[in-house]
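Notes for the one structure printed next.
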Amino acid sequence: MIDKTISNAQAAVADVFTGATLMFGGFGLSGIPENCIKALLEKDITGLTCISNNAGVDDFGIGLMLKKRMVRKMISSYVGENAEFERQLLSGELEVDLIPQGTLAERIRAGGAGIPAFFTPAGVGTEVAVGKEVREFDGKLYLLERWLQADFAFVKAWKGDTAGNLVYKGTARNFNPMMAAAGKITIAEVEELVPVGELDPNQIHTPGIYVQRIFQGVNYEKRIEQRTVRKV
Amino acid sequence: MIDKTISNAQAAVADVFTGATLMFGGFGLSGIPENCIKALLEKDITGLTCISNNAGVDDFGIGLMLKKRMVRKMISSYVGENAEFERQLLSGELEVDLIPQGTLAERIRAGGAGIPAFFTPAGVGTEVAVGKEVREFDGKLYLLERWLQADFAFVKAWKGDTAGNLVYKGTARNFNPMMAAAGKITIAEVEELVPVGELDPNQIHTPGIYVQRIFQGVNYEKRIEQRTVRKV
Amino acid sequence: MLTKEQIAQRIAKEVKKGQYINLGIGIPTLVANYIPADLDVVLQSENGLLGIGPFPTEAEIDPDLINAGKQTITMVKGSAIFSSSESFAMIRGGHVHLTILGAMEVSENGDIANWKVPGKMVKGMGGAMDLVASAKNIIVAMQHCSKDGQSKLLKQCTLPITGIRCVKKIVTDLAVLDVLPEGGFKLLERAPDVSIEEIKSKTEGKLVIEGSVPEMVF
Amino acid sequence: MLTKEQIAQRIAKEVKKGQYINLGIGIPTLVANYIPADLDVVLQSENGLLGIGPFPTEAEIDPDLINAGKQTITMVKGSAIFSSSESFAMIRGGHVHLTILGAMEVSENGDIANWKVPGKMVKGMGGAMDLVASAKNIIVAMQHCSKDGQSKLLKQCTLPITGIRCVKKIVTDLAVLDVLPEGGFKLLERAPDVSIEEIKSKTEGKLVIEGSVPEMVF
């Protein structure tokens with residue numbers, strides 16, 4: 001199989017351009033492509049549209065891209081763990097499109113799966129429905145929602161092979177598999193890059209067909225937002 | 001977790017009724033729920049609607065249900081490896097709804113995922129499009145297709161635990177995962193039933209939430225349709 | 001008047017054996033503490049887990065294992081991990097039996113508002129709109145009145161709504177109420193030492209009282 | 001005139017490094033034999049596999065590992081298994097670069113008919129309609145004429161069609177032709193010892209000939 005390995009994060013993001021639409025895997029700070037975000041921060045690009053369930057925190061994740069004013073628009077389900085985000089939003093520097101989480105996940109899945117539109121019940125009767133087609137099926141109302149696709153999708157996996165096959169760990173999986181399929185160029189960073197043949201074909205979460213570039217990331221911080229422990 | 005174990009195939013299919021809509025996992029004869037089919041054959045029910053990618057062969061799989069005239073309608077993408085099937089179809093005893101394979105898979109997936117309808121390009125301009133809404137998105141034409149659901153879904157997995165979590169093996173996976181989610185009652189037969197805790201949570205193909213009954217099947221024949229070997 | 005813990009405790013009595021349940025943030029999270037282990041329920045976390053276990057010890061903490069509130073968690077035996085699209089397929093497809101969540105307002109026809117206050121920073125609806133649009137059974141845990149004494153059980157929601165005609169039952173610090181299919185809050189139980197009169201005075205929406213209204217039993 | 005093997009061999013020259021390819025039943029299956037290993041292509045089987053390997057030895061046969069033609073197969077290193085819905089998500093989403101399939105008829109605007117003959121038992125379209133509606137590049141492998149001598153390259157298909165305006169290239173026993181975006185079969189290459197006149201006489205649809213038409217080189 002073709003070797004999709006690229007040397008590092010800088011090389012992987014070299015052709016990301018001003019005004020591009022980007023997807024970032026992760027839920028909160030769990031499962032985010034830390035290495036790619038760092039490499040993007042070194043680039044002189046702006047006007048980005050970022051599709052990500054959340055927007056990071058002030059000093060980590062996509063929050064750092066916001067701070068550097070690289071982002072024109074966020075498409076997310078839940079944002080604002082982040083003061084700079086709020087400031088830019090109120091000042092009009094930043095545009096935000098808030099989407100119900102399941103609709104966001106399914107719109108991305110549809111983007112990868114070649115389904116331009118589908119009906120979902122989430123948001124019927126709410127301000128999310130404004131301007132959207134509403135249709136009744138079997139006595140229940142649904143909204144028509146469109147697919148989401150991206151110029152580049154950045155995903156983070158636990159293990160990957162050189163053909164781009166990916167395996168995620170725990171709830172760090174979240175949005176990563178759908179985004180891998182919805183990017184024109186999908187860049188995967190993995191904690192461990194292995195030769196083809198080492199991953200069990202039955203246990204691949206993202207088949208390599210969706211991945212155009214892969215590299216082994218370094219120095220994962222894996223910051224925890226809500227460290228919650230029980231007493232023993 | 002709740003124990004969904006049921007003693008055997010007979011008990012698992014006890015409440016399947018005349019006129020029910022049933023889904024059967026499998027592609028050709030690979031990954032079909034052999035034990036459940038055998039148990040259904042012992043029941044005095046007719047008028048069934050069967051959703052299955054294929055219709056078995058004359059003396060195995062759903063073909064045996066056809067021979068016993070239990071089936072009123074087949075919803076499939078490819079049929080007729082089977083002479084009795086052809087006879088019943090030509091005589092009008094059997095109704096057949098032929099659906100493009102990807103549309104069939106996605107309609108079943110939609111049924112489990114609560115998506116009543118979606119747009120797909122397969123079949124545009126063909127007789128499959130007759131009577132369906134056609135809509136253009138971004139310059140390409142698509143058909144509106146509805147979900148498929150079933151009263152009972154019969155799936156076959158390699159391993160399963162008592163909570164209904166399933167792991168498939170090889171291409172015997174095929175339609176099984178979507179059908180597991182699209183059945184009001186989903187009955188899983190597995191080659192090996194294990195206690196909860198033995199399957200890796202990261203490697204579950206079908207989460208137990210979709211499965212209502214599970215049992216360890218016996219005497220798997222796993223008949224091969226096209227035994228093809230290379231010379232060594 | 002019930003404490004938050006008592007509201008959670010009362011809601012736990014609504015849980016049935018073998019259910020798959022999604023618990024929202026706040027009081028709903030506390031419900032888990034009161035569900036008897038022999039009910040074998042499974043807790044779903046919409047970021048991709050069935051089978052939430054207790055919070056981890058320091059040694060068990062895993063940044064790759066969090067709940068929808070971004071808290072570190074553990075898994076119980078028999079858990080399954082999946083993607084966000086699979087998670088909401090599960091929710092949207094009606095496979096989750098019960099959703100318990102907080103609310104700012106509920107209307108007498110079952111509309112719920114819990115995601116946005118005009119004039120305040122909007123953080124987003126997260127998975128709430130998907131949950132309320134799809135769950136078979138939705139129970140709301142909330143205070144009967146807001147901090148400034150306004151009823152939260154209304155004829156019509158005044159805040160932007162999260163979903164329409166979806167709430168089935170409400171447990172507040174004062175009462176347990178069903179939302180009737182034809183509209184109206186049916187008073188089922190009173191909190192200990194709370195009078196029907198007090199509940200009447202604090203319920204702006206249509207209150208339906210039939211027969212006697214027992215005090216809650218814990 | 002080319003043999004079936006030669007048609008397959010000629011089509012193999014269209015394959016580019018690193019492509020993901022779906023091969024239909026019949027001549028397309030033979031293409032795999034002529035793709036150089038260093039092109040690192042991956043063969044997709046729509047029943048749920050990326051990375052089809054050679055047929056198994058007797059000892060290797062696994063009933064849980066078949067291709068879309070229901071033949072026993074093996075996997076190459078780096079393979080991935082997935083469900084039917086994921087498989088067609090891949091196809092529908094345009095992730096498969098090249099689809100090679102047989103046809104009964106192709107029209108000059110790229111319509112293809114390959115699933116149904118009126119009056120004969122209809123077995124179904126299988127995955128063909130999904131493949132032709134979605135693949136970025138579709139090459140048809142077929143005989144130029146039917147057994148009774150009728151051209152299969154037509155102005156309009158006479159049989160029920162499988163998909164519209166989708167075929168990009170055709171390799172027959174007589175010629176290699178592109179389907180032009182504006183309509184028409186552009187003659188690119190002749191089979192050895194086949195004259196342009198013969199191809200003209202056997203092509204019912206609009207044939208476009210510009211400049212010289214070289215013989216195929218193998």
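Owing to the predicted nature of the structure, the values given are computational and were not obtained by experimental measurement. Below, chain A is the first sequence line, B the second, and so on; all start at residue 1.
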task: May I have the step-by-step check of side-chain contact (heavy atoms from CB on, under 4.5 Å) for D:V96 and A:I209, ending in yes or no?
output: CA-CA 8 Å; D:V96 175; A:I209 192 171; 4.1 Å; yes

query: Just wondering, are more than 12 heavy atoms of other shown residues or ligands nearer than 6.0 Å to NZ in D:K77?
result: no

message: Return the CZ to CD distance between A:R109 and D:E86, rounded to the nearest 0.5 Å.
response: 7.0 Å

message: Please give me the minimum heavy-atom distance between D:A80 and A:N165, naming the atom from each residue.
response: CB-OD1, 3.6 Å

statement: Under 4.5 Å to a heavy atom of chain A? For D:Q19 that would be neither

field: Least distance between heavy atoms, D:S79 atom then A:M1 atom
entry: N-CE, 3.8 Å

query: Is the NZ atom of A:K184 crowded by more than 12 outside heavy atoms at less than 6.0 Å?
result: no

query: For D:Q156, does the CD atom sit with more than 12 other heavy atoms under 6.0 Å from it, leaving out its own atoms?
result: no

statement: So, the part of D:M75 with a heavy atom under 4.5 Å from chain A: the answer is side chain

Exercise: identify the closest heavy-atom pair between D:R92 and A:A113: NH1-O, 2.9 Å

task: Sort A:D161 into side chain, backbone, both or neither according to what part of it lies under 4.5 angstrom from a heavy atom of chain D.
output: side chain

query: Would you find more than 12 non-hydrogen atoms of other residues, nucleotides or ligands less than 6.0 Å from D:K17 atom NZ?
result: yes

- prompt: Got more than 12 heavy atoms from elsewhere within 6.0 Å of CG, A:D44?
  reply: no

message: On a heavy-atom basis, which atom in D:F82 and which in A:P207 lie closest, and how many Å separate them?
response: CD2-CG, 3.8 Å

message: I need the minimum non-hydrogen distance between A:A181 and D:H95, along with the two atoms involved.
response: O-CE1, 2.9 Å

- request: Decide if atom CZ of D:R165 counts as having more than 12 heavy atoms of other residues, nucleotides or ligands within a radius under 6.0 Å.
  value: no

- line: From the list A:V196, A:I2, A:D200, A:I115, the residue making the most non-hydrogen contacts under 4.5 Å with chain D is A:I2

message: Is it true that, when you exclude D:K4 itself, more than 12 heavy atoms of the residues, nucleotides or ligands shown sit nearer than 6.0 Å to its NZ?
response: no

task: Count the heavy atoms belonging to other residues, nucleotides or ligands that lie under 6.0 Å from NZ of D:K206, then report whether that count exceeds 12.
output: no

- prompt: Among A:Q203, A:E198, A:K4, which residue forms the greatest number of heavy-atom pairs with chain D at distances under 4.5 Å?
  reply: A:K4

